[in-house]
Colleague: 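Before I ask anything, let me first share the structure, which is written out below as structure tokens.
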2 protein chains.
Amino acid sequence: MRYHRIPAETVRRLPVYLNALLLSLQQGKSISSSELSAIVGINPLQIRKDFSYFGGFGTRGVGYNIEKLIKKIKKILKLDSHHQAVLVGAGNLGSAVLAYPGFAAYGFQIAAAYDSDPAKIGKTINNITIEDAENIINLKKKNIKIGIIAVPRQQSQAIAQSLVNAGVTGILNFSPCRLAVPKRVKVITINIATDLARLPFYMPADKKIGFALNKRA
Amino acid sequence: MRYHRIPAETVRRLPVYLNALLLSLQQGKSISSSELSAIVGINPLQIRKDFSYFGGFGTRGVGYNIEKLIKKIKKILKLDSHHQAVLVGAGNLGSAVLAYPGFAAYGFQIAAAYDSDPAKIGKTINNITIEDAENIINLKKKNIKIGIIAVPRQQSQAIAQSLVNAGVTGILNFSPCRLAVPKRVKVITINIATDLARLPFYMPADKKIGFALNKRA
DNA sequence: AATACTTTGTGAATACATTCACAAAGTATA
DNA sequence: TATACTTTGTGAATGTATTCACAAAGTATT
């Protein structure tokens with residue numbers, strides 16, 4: 001298994017495959033690249049190429065053993081062990097993240113949540129009691145290495161700093177800004193607004209009614 | 001201005017630039033590519049290349065006029081006019097989207113919200129009253145062409161169909177699945193879980209204590 | 001006016017990602 | 001066992017995106 005030189009785009013697709021495979025577990029024992037393609041909407045050739053970076057693990061004429069493939073992808077993505085994460089920011093978005101049902105399938109669990117608003121500290125959402133953001137310390141001891149940031153932009157850099165100080169090496173950032181962190185720390189930013197903002201570019205322009213009438217005339 | 005053959009990656013970055021430029025408006029009249037780079041964390045050469053696809057609109061030795069640049073980017077992204085959108089799914093995530101403050105800067109406004117759960121229909125969040133999802137009809141008449149889907153995976157395809165039937169041509173999809181829509185309809189999917197799922201791949205592996213001791217011995 | 005400096009803009013070169021063409025290795029059938 | 005069929009896997013070709021090298025055009029300074 002040659003783990004070096006994996007295209008970033010492949011790493012981006014692996015969780016998508018994993019998601020589809022988990023859903024396909026009941027369907028049967030094995031799945032072909034074209035069957036998988038039908039689910040995820042990615043070219044089967046691309047799928048095979050992606051898998052080939054880790055060595056061939058399908059059988060020709062048949063396809064891929066689903067269970068085996070799931071295990072393999074989980075190992076590649078380091079999802080074979082469970083991960084604990086903390087959430088910072090229990091506003092609207094933070095609360096939604098706390099209740100989000102999709103993390104469990106990948107082995108993620110939110111172990112603690114923080115906020116700096118006294119009105120929120122002490123409240124319980126989804127069995128998690130919100131703690132004071134000042135208490136983000138020594139997460140390494142609790143084996144927590146992932147932080148999720150859902151605070152307003154102005155506070156996000158300071159929170160990132162706290163998380164890194166506490167031992168976090170991976171951050172999922174919902175704040176619409178760049179975070180300055182040490183090189184060893186990986187940040188993935190989700191910016192809902194910038195994603196929505198490129199939608200109109202791809203949408204067909206309005207047809208002018210006058211023009212349409214002219215064409216018909 | 002040659003609008004053809006714009007790299008997809010450039011379109012993805014334009015909203016990020018726009019966001020930074022709106023924040024820089026107070027700072028001064030013009031901004032250089034390296035100053036912008038410091039804010040958004042994108043190589044200044046890349047920034048200039050991106051802008052050059054639309055024709056040079058900076059002045060050498062000075063930089064870019066911020067106001068002019070904002071107008072230009074807004075026009076390219078078709079954000080120079082306001083956009084109305086509807087939200088479907090008023091669960092945790094949907095409610096967070098409804099309250100999300102970041103859309104306004106790009107000229108987006110959520111005009112209506114729908115859900116199929118009778119317990120939610122009639123409730124008001126952020127001045128928007130949740131309507132029955134059955135009533136997603138004739139949005140074109142109201143000049144609404146964007147739909148945001150935040151319903152469980154099982155329902156998302158049906159909702160997408162309703163939105164398309166009602167005249168929507170752009171969808172922001174938070175459901176963890178592919179949506180089958182006509183070619184003219186653009187879908188952008190945000191999958192929080194798959195983004196989180198590739199974080200461990202990039203995080204440094206735990207140091208084994210035994211190995212560290214061996215090295216020291 | 002001449003020189004030094006700053007910053008944009010662009011064709012060429014490089015790096016990265018996808019697709020093609022086809023070989024390899026399996027299953028199913030006669 | 002031979003033949004037809006299916007599906008994976010991979011080097012080469014193509015396509016897309018980023019970076020390089022440097023020219024062009026402005027400002028600031030002497």
Side-chain angles (χ1 to χ4, degrees), chain A residues 1-17 20-21 24 27-70 72-73 76 198 201-202, chain B residues 1-17 20-21 24 27-70 72-73 76 198 201-202:
Chain A
M1 212 183 300
R2 46 197 214 287
Y3 268 54
H4 63 125
R5 300 304 323 141
I6 309 303
E9 294 302 309
T10 296
V11 177
R12 195 183 293 272
R13 284 186 293 264
L14 286 179
V16 178
Y17 301 146
L21 290 168
S24 304
Q27 252 67 38
K29 214 170 148 50
S30 68
I31 192 170
S32 70
S33 59
S34 51
E35 286 170 321
L36 188 51
S37 169
I39 304 174
V40 298
I42 296 168
N43 175 352
L45 184 47
Q46 179 78 77
I47 293 175
R48 293 202 298 279
K49 189 65 144 187
D50 283 339
F51 292 163
S52 79
Y53 289 115
F54 308 97
F57 41 67
T59 57
R60 300 176 184 209
V62 180
Y64 300 88
N65 177 292
I66 298 179
E67 272 189 68
K68 195 175 144 194
L69 188 49
I70 287 174
K72 207 92 176 181
I73 294 178
I76 293 163
R198 71 195 149 89
F201 179 88
Y202 292 105
Chain B
M1 212 184 298
R2 50 198 211 287
Y3 269 54
H4 62 124
R5 299 303 326 136
I6 310 303
E9 293 303 308
T10 296
V11 177
R12 195 183 293 274
R13 285 187 291 264
L14 286 179
V16 178
Y17 300 147
L21 290 167
S24 304
Q27 252 66 37
K29 213 169 149 51
S30 67
I31 193 169
S32 69
S33 58
S34 50
E35 286 170 320
L36 187 51
S37 169
I39 304 174
V40 297
I42 296 168
N43 176 349
L45 185 47
Q46 180 76 78
I47 293 175
R48 293 203 298 278
K49 189 65 146 186
D50 283 339
F51 292 162
S52 79
Y53 289 115
F54 308 97
F57 40 66
T59 57
R60 300 175 184 211
V62 180
Y64 300 88
N65 178 293
I66 297 178
E67 271 189 69
K68 195 176 146 194
L69 188 49
I70 288 174
K72 208 93 177 181
I73 295 179
I76 293 164
R198 71 194 149 90
F201 179 87
Y202 292 105

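No experiment lies behind these values; they were computed from the predicted model shown. A note on names: the letters A, B, ... follow the listed sequences, proteins ahead of strands, and every chain is numbered from 1.
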Colleague: If you compare all heavy atoms of B/Ile76 against all heavy atoms of A/Phe201, which two are closest, and at what distance to 0.1 Å?
Modeller: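 For B/Ile76 versus A/Phe201, the nearest heavy atoms are O-CD1, 3.3 Å.
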Colleague: Judged by each residue's nearest nucleotide on DNA chain C, which is more toward the 5′ side, B/Gly63 or A/Thr10?
Modeller: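 It is B/Gly63, whose closest nucleotide lies nearer the 5' terminus.
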Colleague: Report for the helix from C/dA1-D/dT30 to C/dA30-D/dT1: angle between first-end and last-end helix axes, five pairs each, rounded to 10 degrees.
Modeller: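 Roughly 0° between the end axes, to the nearest 10°.
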Colleague: Remember a base hit wins even if backbone is also touched, and classify A/Ser33 as base, sugar-phosphate or nothing at under 4.0 Å, heavy atoms.
Modeller: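 It contacts sugar-phosphate atoms only.
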Colleague: Can a side chain N or O of A/Arg13 be found less than 4.0 Å away from OP1 or OP2 on C/dT18?
Modeller: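 True: A/Arg13 side-chain N/O within range (under 4.0 Å) of C/dT18 OP1/OP2.
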Colleague: With a 3.5 Å distance limit and no angle check, can you tell me whether A/Glu35 reaches the backbone of A/Ser32 through a side-chain donor-acceptor pair?
Modeller: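 Pair found, side chain donor or acceptor close to backbone of A/Ser32.
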Colleague: With respect to the side chain of A/Tyr64, which nucleotide from C/dA17, C/dT18, D/dT8 is positioned closest?
Modeller: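 Looking only at heavy atoms from C-beta outward on A/Tyr64, the closest nucleotide is D/dT8.
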Colleague: Is B/Ser34 reaching over with its side chain to a backbone N or O of B/Pro44, donor-acceptor style, under 3.5 angstrom?
Modeller: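 Judged by distance alone, no pair lies under 3.5 Å.
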Colleague: Measure from the side chain of A/Ser52, starting at C-beta and using heavy atoms only, and say which of D/dT10, C/dT19, C/dG9 lies closest.
Modeller: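 Closest nucleotide to the A/Ser52 side chain: D/dT10.
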Colleague: Looking only at non-hydrogen atoms, find the nearest pair between B/Ile39 and B/Ala20 and report the distance.
Modeller: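 Closest approach of B/Ile39 to B/Ala20: CG2-CB, 3.8 Å.
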Colleague: Just checking B/Phe51: base, sugar-phosphate only, or nothing, at a heavy-atom cut-off of under 4.0 Å?
Modeller: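 Counting heavy atoms under 4.0 Å across all strands, no contact is made by B/Phe51.
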Colleague: Answer with base, sugar-phosphate or nothing: what part of the nucleic acid does B/Arg12 contact at a heavy-atom distance below 4.0 Å?
Modeller: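 Nothing, no nucleic acid heavy atom in range.
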Colleague: Can you check each nucleotide of nucleotides 20-30 of chain D against protein heavy atoms at under 4.0 Å and return B for base, S for sugar-phosphate only, - for none, in 5' to 3' order?
Modeller: BB--BBSS---
Colleague: Round to the nearest Å and state the distance from A/Ile47 atom CD1 to D/dT10 atom P.
Modeller: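 Whole-Å distance recorded here is 17 Å.
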Colleague: Is it true that atom CD of B/Gln27 has more than 12 heavy atoms of other residues, nucleotides or ligands lying nearer than 6.0 Å?
Modeller: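 Counting other residues, nucleotides and ligands, CD of B/Gln27 exceeds 12 neighbours.
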Colleague: Could you tell me whether the side chain of A/Ser52 and the main chain of A/Gly55 form a donor-acceptor pair under 3.5 Å?
Modeller: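 No, A/Ser52 side chain to A/Gly55 backbone: no donor-acceptor pair under 3.5 Å.
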Colleague: In Å, rounded to the nearest 0.5 Å, how long is the span from CD1 of A/Ile31 to CG of A/Leu36?
Modeller: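 Answer for the CD1-CG pair, A/Ile31 versus A/Leu36, is 5.0 Å.
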Colleague: Give a yes-or-no answer on whether the side chains of B/Asn65 and B/Ser30 include a donor-acceptor pair shorter than 3.5 Å.
Modeller: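 There is no such pair (donor and acceptor under 3.5 Å, judged by atom type) between the side chains of B/Asn65 and B/Ser30.
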Colleague: What is the distance, rounded to the nearest whole Å, between atom CG of B/Asp50 and atom C1' of D/dT18?
Modeller: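 Whole-Å distance recorded here is 10 Å.
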Colleague: Specify whether B/Phe57 and B/Phe51 have parallel, tilted or perpendicular ring planes, treating 30° as the upper limit for parallel and 60° as the lower limit for perpendicular.
Modeller: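 Correct class here is tilted.
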